[in-house]
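Atoms within a ligand are numbered from 1 in the order they appear, just like the ligands themselves. Since the model is a prediction, treat every value here as computed from it, not as a measurement. Residue numbers run from 1 in the order of the sequence given.
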Amino acid sequence: MKQKIVVTREVFDETLEYLGRHFEVVANQEDRRHSRDELIALLQGAAGAQTSGTDRIDGELLDRCPGLRAVCNTAVGYNNIDLDACTARGVMATNTPGVLDDSVADYTMGLVIATCRRIGEGERYLRAGQWTGTYLKQTLGQDVHGATLGLFGFGRIGQAIAKRARGFDMNILYHSRSRAAAEAERPFDARYVSKEALLREADIVLLILPYTPETHHYGCVEEIAYRKGYIGAKELCMMKRSAVLINMARGGIVDDAALIEALKKKTIWAAGLDVFENEPRLNPGFLALENAVLSPHIASASEPTRKAMAMTAAKNLVAALTGGAPPNLLNPACRERARA
Ligand code: 8YV
């Protein structure tokens, strides 16, 4: 008899077709957002779940779903999964590293340019019929080429961004918990600096904390709580008045209320944000700000990349439940406690 698995949100037909060859699949192609109790009810009797980054998987849920042996996230980040709770209960957890790096880096460059050169603002002005002529001081922005880019995080995605930034003749600074190897820095002439130096020197401060297997603890629930306000009022004050802040990592790393204040008072010049605290219910203070470029967490959303993410998660699930080694296992220690 095939094992039952649950795919918590809509995926591509090809993903379902692949999973169907191995499992009895409970899908959600109408893409309903299940309440927690609905999700738990759905997971009864399931051996595995292909989850989305918005499903909270914690100890309580795992205790109420004793059959669950694998949780495979359709995202590289996994702050929605309590990894320690999974490990303690012998539940395998996986993510989707690698397949989204270039798409996220492409989108990041778009957001950087849109923020520095006020693309959204210009379009709103044009659509509102306000464009009556061209004049010298119209919609003046900050230059992207030649700017100093400060990356918080220098993992795979950070390096993919640095590669593109070099094409714009940018100088690259970075800060992460430990310095990267010289071979990783060299192609971009990237300079490792303290958090304070980065905030003071960068024209573009860009958050892309690493979500590599080596640094996966960045993404766990506790670490995110610890990092809440990593960029708060104090840090924003250290930035240049002409600087922009770009957040491609996770909401909660930036104190959004403090950011709104800084943008209102123009103590920093602008922000480009793909992620927010409490998304999708972002702080409404952002909506009135012309100097905030707002994006609904879609940096990875190209069709080929989202297909690759869904298939990567599905392959992890098949490997996990058929005795193979899931390629992106986040918690190898769970094996010692594996559920029967
Ligand atoms: C996803 C992301 O779009 O992979 C991640 O960690 O943040 C994005 O690629 C998002 O998590 C949707 O599930």
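Looking at ligand 1, you won't find any N or O of Thr96 less than 3.5 Å from one of its N or O atoms.
In summary, the atoms of ligand 1 found under 4.0 Å from a heavy atom of Thr74, numbered by their order in the structure, are 13 (O). Within the listing of ligand 1, atoms 4 (O), 9 (O) sit less than 4.0 angstrom from a heavy atom of Met309. Each of the following atoms of ligand 1 lies closer than 4.0 Å to a heavy atom of Gly77: 4 (O), 5 (C), 6 (O).
Counting heavy atoms of neighbouring residues, nucleotides and ligands inside a 6.0 Å radius, atom CD of Gln130 exceeds 12 of them. Heavy-atom contacts from other residues, nucleotides or ligands closer than 6.0 Å to CZ of Arg36 number more than 12. Within 6.0 Å of CZ in Arg166 there are more than 12 heavy atoms belonging to other residues, nucleotides or ligands.
Residue contacts with ligand 1, taken as heavy atom pairs separated by less than 4.0 Å, involve Leu100 solely via side-chain atoms from C-beta onward. Neither the backbone nor the side chain of Ser52 comes within 4.0 Å of ligand 1, counting heavy atoms alone.
The salt bridge (charged side-chain N to carboxylate O under 4.0 Å, His left out) search around Lys2 returns none, not counting sequence neighbours.
For the side chain to side chain donor-acceptor pair (under 3.5 Å) criterion with Glu185, the lone passing option out of Arg191, Gln159, Arg179 is Arg179.
Scanning Ser103, Ser300, Ala299, Ala310 for the heavy atom closest to atom 1 (C) of ligand 1 points to Ser300.
Each side-chain hydrogen bond (donor to acceptor under 3.5 Å, both in side chains) pair with one or both residues in residues 134-143, not counting sequence neighbours, appears once here: Tyr125-Gln138.
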